[in-house]
Amino acid sequence: MSENFSAKETFAIYGEYATTITFLRDEFFSEEKTLPTMQDAIDYLKALDPTPLGIVLHIRAHGRDIPFDRDNIAKLMREL
């Protein structure tokens, strides 16, 4: 996790952008889901049971995809 990563600052900047979640349920099954906002995506992840093996968030902003890795996603989930 980046030492400088701030969940609250990230949410303030990207919170209203559509967010795509890509996650691995097991070694054979992956799934992708796009939600209207970052908060919707975080809430969706919090509700998943069991927790997926791998998770990546992609936010489409300013004409590019911005990925967030598992450590930063965990911080977003704890702080939002």
Side-chain angles (χ1 to χ4, degrees):
M1 178 178 345
S2 170
E3 293 288 324
N4 298 328
F5 181 80
S6 166
K8 292 181 195 256
E9 183 178 330
T10 298
F11 185 74
I13 295 168
Y14 301 112
E16 296 302 314
Y17 286 92
T19 303
T20 300
I21 307 166
T22 304
F23 52 92
L24 246 52
R25 290 280 188 189
D26 59 36
E27 60 271 5
F28 303 108
F29 181 71
S30 65
E31 189 174 334
E32 187 172 285
K33 183 162 186 78
T34 300
L35 295 135
T37 68
M38 179 187 273
Q39 186 65 59
D40 293 332
I42 296 300
D43 291 344
Y44 181 84
L45 287 173
K46 286 180 179 180
L48 288 178
D49 187 34
T51 303
L53 296 176
I55 303 169
V56 177
L57 288 182
H58 293 271
I59 296 170
R60 184 77 178 158
H62 312 295
R64 62 188 181 114
D65 282 330
I66 302 165
F68 292 86
D69 65 21
R70 188 175 181 99
D71 290 338
N72 289 341
I73 294 166
K75 190 169 186 179
L76 285 166
M77 290 174 67
R78 278 193 311 272
E79 295 182 16
L80 298 180

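Just so we're clear, the structure is a prediction, and the values are computed from it rather than from any experiment.
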Quick one, Tyr17 with His58, criterion ring pair (Phe, Tyr, Trp, His ring centres under 6.0 Å). Give me CA distance, side-chain angles, the key distance, then yes/no. CA-CA 10 Å; Tyr17 286 92; His58 293 271; over 10 Å; no
Check step by step if side chain to side chain contact (heavy atoms under 4.5 Å, CB included) holds for Asp69 and Val56. CA-CA 5 Å; Asp69 65 21; Val56 177; over 6 Å; no
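Of the inter-residue distances, the one linking Asn72 atom CG with Leu57 atom CG reads 9.5 Å to the nearest 0.5 angstrom. The distance from the CE atom of Met38 to the CG atom of Asp43 is 12.0 Å, given to the nearest 0.5 Å. Note that OG1 of Thr10 is 9.5 Å distant from CD1 of Ile66, once rounded to the nearest 0.5 Å. Annotation: the span from Thr51 atom OG1 to Leu45 atom CG amounts to 9.0 Å, rounded to 0.5 Å. In this structure, Leu24 CG and Ile55 CD1 are separated by 10.0 Å, a value rounded to the nearest 0.5 Å. With rounding to the nearest 0.5 angstrom, the CD1 atom of Ile73 is 7.0 Å from the CD1 atom of Ile42.
Within the 4.5 Å cutoff, the side chain of Glu31 has no heavy atoms near those of the Thr22 side chain. The shortest distance between side-chain heavy atoms of Leu35 and Ile21 falls below 4.5 Å.
Side chain of Thr34 to backbone of Glu32: no donor-acceptor contact under 3.5 angstrom is found. In this structure, the side chain of Lys75 engages the main chain of Phe5 through a donor-acceptor pair within 3.5 Å. Counting only distance, with no hydrogens or angles, the side chain of Arg70 and the backbone of Leu53 share a donor-acceptor pair below 3.5 Å.
Ring-plane geometry between Tyr44 and Phe23 is classed as tilted, the angle between the planes lying from 30 to 60 degrees on a 0 to 90 degree scale.
The number of heavy atoms from other shown groups lying within 6.0 Å of NZ (Lys46) is above 12. For CD of Glu16, the number of neighbouring non-hydrogen atoms (other residues, nucleotides, ligands) closer than 6.0 Å is 12 at most.
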